[in-house]
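Below is one structure; the comments refer to it alone.
One-based numbering, in listed order, for ligands and for the atoms of each. Owing to the predicted nature of the structure, the values given are computational and were not obtained by experimental measurement. Just so you know, residue 1 is the first one in the sequence shown, and it goes up from there.
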Amino acid sequence: MTDPIVFAIPIFFATIGLEAWIAKRRGLSLYDVADALTSISIGMLSLIASSFSKILTLGIYIIAFDYLSVFEWSLDSIPAWVLALLLYDFLYYWFHRCSHEIDLLWGAHVVHHSSEYLNFSTALRQSTTSSLFSWAFYLPMAIAGVPPTMFIIVAVINLLYQYVPHTQLIGKLGWVDKVFVTPSNHRVHHGVNDYCIDKNFGGMLVLWDRLFGTFAEERDDEPIVYGASKPLASYNPLWAHLQLYADLWHQSKKTRDFSSKLKIWLARHVAPARTSLRRFNAENHKRYNPHTLRWLRWYNLANFAFLVFVTEYYLANVDGFRLTESIGWSLFLLMSAMSMGAMLENKAWGRWLEQVRLIIMSVTLTFEPFWFGYSLPTSLRLGLIIATLFLAFRLARKEDTLPD
Ligand SMILES: [Zn+2]
Ligand SMILES: [Zn+2]
């Protein structure tokens, strides 16, 4: 089944474009091209990964529903739908809270918080590994008898709703900020200021935070600094998923017995800067900025447009692919995102990886005439092969090393 989120992708791009345009007109620096490309490519990789992992995560839900449910909620009942939405949001609150408070889960969720900007593209920066844990939190819904169809639909509604609060263009909304998750209270959630840490975990309702003591209102006297308390300082989508686990691995290697190791992985996550967060203020906080070469920024922007097309094509047709084809496309897209991130960081290995990727593309174009459901004319294929080889050659040149 095609992921329903795929149909929302054009809306995401339209609203990101609109938000960036309005911000530019108002003279606000809400966007950074490299950061936004990283956020969106992380989101694309997470959608691709979920085309594999949902077989497991949704599969467990369906098995739990089939064998453990007490009775089945009616799909025709409006109160049942409302209750399912509320129950999902309540369980999301606890999953999200645990994702911040337990190191093992924070290692997955930190991906969403790794951008130092807050805009609609940040909403797409979704973790690939979070779904390895989230399914367990929603099992009570299966046991309570919420049918899988109802569960999938309320989950999609909840996820789409969460896109909206990721903006700085909408100010405070009065009483609405105290009931629903809104831009104002979600800005607090993404902040690293003292008063923002471990606050406002709600998905649709912020009432849960008010009920369980984790609510904080946005302050007018202190600008919010966005990001994670330990900055990622990278555009590498894989490293965004591994950084904290690498830290935990190093820590646990220093301990001898199993229970001490376990404690490190399951410890209550404490923001490392909790005691010194004062340094995270708008005046002295510097965002990560490796000063990407201008032509590399343009190259990656053009490359990115192609990757979006490929990802959309892959996700819309994933059911028709053989497993080997799915794995091939996924690895190609992962490789593309990796080389893009490394090139945006001006890393030499990014260019090498890109050269390998371009050569793989030209070799595949040589032997495979069928692309995206069409048989490409030989002249077009030849043109594309020459273009990819030319780009690979161009990337090998050593000049253009000065950032502008
Ligand atoms: Zn969070
Ligand atoms: Zn968020």
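Stacking of R287 on the aromatic ring of Y117 is recorded, both the 6.0 Å distance cut-off and the 45° axial limit being met.
In this structure, NE2 of H109 and NE2 of H100 enclose an angle of 100° at the Zn ion (ligand 1), rounded to 10°.
Evaluation of the salt bridge (charged side-chain N to carboxylate O under 4.0 Å, His left out) test over residues 32-47, restricted to residues two or more places apart or in two chains, returns D35-R125. Applying the salt bridge (charged side-chain N to carboxylate O under 4.0 Å, His left out) test to every pair with at least one member in residues 105-124, sequence neighbours left out, gives no pairs at all.
Considering just the N/O/S atoms of H96, the one nearest the Zn ion (ligand 1) carries the name NE2.
Ring geometry, Y61 versus F65: the interplanar angle falls under 30°, so the pair is classed parallel (tilted spans 30 to 60°).
Under 2.8 Å from the Zn ion (ligand 2), one finds the following protein N/O/S atoms: H112 NE2, H166 NE2, H186 NE2, H190 NE2.
Put simply, NZ on K178 and CG on L173 are 11.0 Å apart, with the number rounded to the nearest 0.5 Å.
No side-chain donor from either of H112 and H189 sits under 3.5 Å from a side-chain acceptor of the other.
Every side chain to side chain contact (heavy atoms under 4.5 Å, CB included) that I9 has, sequence neighbours left out, goes to F12, F13, L47, E312.
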